[in-house]
Trainee: 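The structure's right below; bear with me while I get my questions together.
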Amino acid sequence: MRQRDEIDRLYNTDRWKKTRLIVLNRDNYICQECLRRDLVEPGNVVHHKVEARENIELFFDLDNLETISITCHNKEHPERSGGRKKKKEKKGVVKFFANNELR
């Protein structure tokens, strides 16, 4: 719970407010998740690609932040609206199975 409190405090800092505006302007207030699907939708949520609770040191890292829409953010975090937490895919990881383990 202690880390959650620390993260909540970071969201209320002037540094976060400035960082958030930098990201929104950099991304032209366009949802980057939609853009990856060749859709242009407005976005106003600044999303941590690597969640803050997974690596708080990336909290202000511009490379770890992107603008997304509230709809896409809710899909990224279904647990916040009573759903199950989305499982993260590890990018760049190839998993090999022995022949008898193939599914």
Trainee: With sequence neighbours excluded, give me every salt bridge (Lys or Arg N to Asp or Glu O under 4.0 Å) pair touching residues 12-25.
Mentor: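 Counting only pairs at least two positions apart or across chains, no salt bridge (Lys or Arg N to Asp or Glu O under 4.0 Å) contact touches residues 12-25.
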Trainee: Nearest 0.5 Å please: distance from the CD atom of Glu41 over to the OG1 atom of Thr71.
Mentor: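 Between atom CD of Glu41 and atom OG1 of Thr71 there are 8.5 Å.
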Trainee: Any heavy-atom pair between the side chains of Arg9 and Thr13 that's under 4.5 Å?
Mentor: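 Contact flag for Thr13/Arg9 side chains = no.
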Trainee: Can you name the closest pair of heavy atoms from Leu24 and Gly43 and give their distance?
Mentor: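 Smallest interatomic distance, heavy atoms only, reads CD2-O, 4.2 Å.
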Trainee: Should Val46 and Ile70 be counted in the same cluster of Ile, Leu, Val, Met, Phe, Trp and Tyr side chains packed under 4.5 Å apart?
Mentor: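 Different clusters: Val46 never reaches Ile70 through Ile, Leu, Val, Met, Phe, Trp or Tyr contacts under 4.5 Å.
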Trainee: Not counting sequence neighbours, which residues clear side chain to side chain donor-acceptor pair (under 3.5 Å) with Gln32? List them please.
Mentor: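 Result, side chain to side chain donor-acceptor pair (under 3.5 Å) vs Gln32: none returned.
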Trainee: Same hydrophobic cluster for Leu10 and Leu62, using side-chain heavy-atom links shorter than 4.5 Å among ILVMFWY?
Mentor: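 Result: yes, single cluster for both.
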Trainee: List in chain and number order the residues that pass ring-ring contact (aromatic ring centres under 6.0 Å, His included) with Phe59, two or more places apart in sequence or in another chain; answer none if no residue qualifies.
Mentor: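 By the ring-ring contact (aromatic ring centres under 6.0 Å, His included) rule, Phe59 matches Tyr11, Trp16, His48.
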Trainee: Please give me the minimum heavy-atom distance between Arg26 and Leu65, naming the atom from each residue.
Mentor: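 Between these two residues, the closest heavy atoms are NH2-O, 2.7 Å.
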Trainee: Let me check something: do Leu21 and Phe60 share a hydrophobic cluster, defined by ILVMFWY side-chain heavy atoms less than 4.5 Å apart, either directly or through other members?
Mentor: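 Yes, it is one cluster - the side chains of Leu21 and Phe60 are joined through contacts under 4.5 Å.
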Trainee: Rounded to the nearest 0.5 Å, how far does CG of Asp61 lie from OG1 of Thr19?
Mentor: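 Here the rounded value is 10.0 Å.
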Trainee: Going by the rule salt bridge (charged side-chain N to carboxylate O under 4.0 Å, His left out), which residues pair with Arg36 if we only count those two or more places apart in sequence or in a different chain?
Mentor: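 For Arg36, the residues satisfying salt bridge (charged side-chain N to carboxylate O under 4.0 Å, His left out) (neighbours in sequence not counted) are Glu33, Glu66.
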Trainee: What's the spacing between Ser69 OG and Lys75 NZ if we round to 0.5 Å?
Mentor: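 Going from OG on Ser69 over to NZ on Lys75, the span is 7.5 Å.
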Trainee: Tell me the ring-ring contact (aromatic ring centres under 6.0 Å, His included) pairs involving residues 19-46, sequence neighbours left out?
Mentor: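 Listed by first then second residue: nothing to list.
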Trainee: Which distance, rounded to the nearest 0.5 Å, do you find between the OG1 of Thr67 and the CG of Asn25?
Mentor: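 Rounded to the nearest 0.5 Å, the OG1-CG separation comes out at 8.5 Å.
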Trainee: For Asn64, what residues pass the side chain to side chain donor-acceptor pair (under 3.5 Å) criterion, not counting sequence neighbours?
Mentor: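 Once residues adjacent in sequence are excluded, Asn64 has no partner under the side chain to side chain donor-acceptor pair (under 3.5 Å) criterion.
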Trainee: Kindly compute the distance separating CD1 (Ile56) from CD1 (Ile7), expressed to the nearest 0.5 Å.
Mentor: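 Result: 4.5 Å between the selected atoms.
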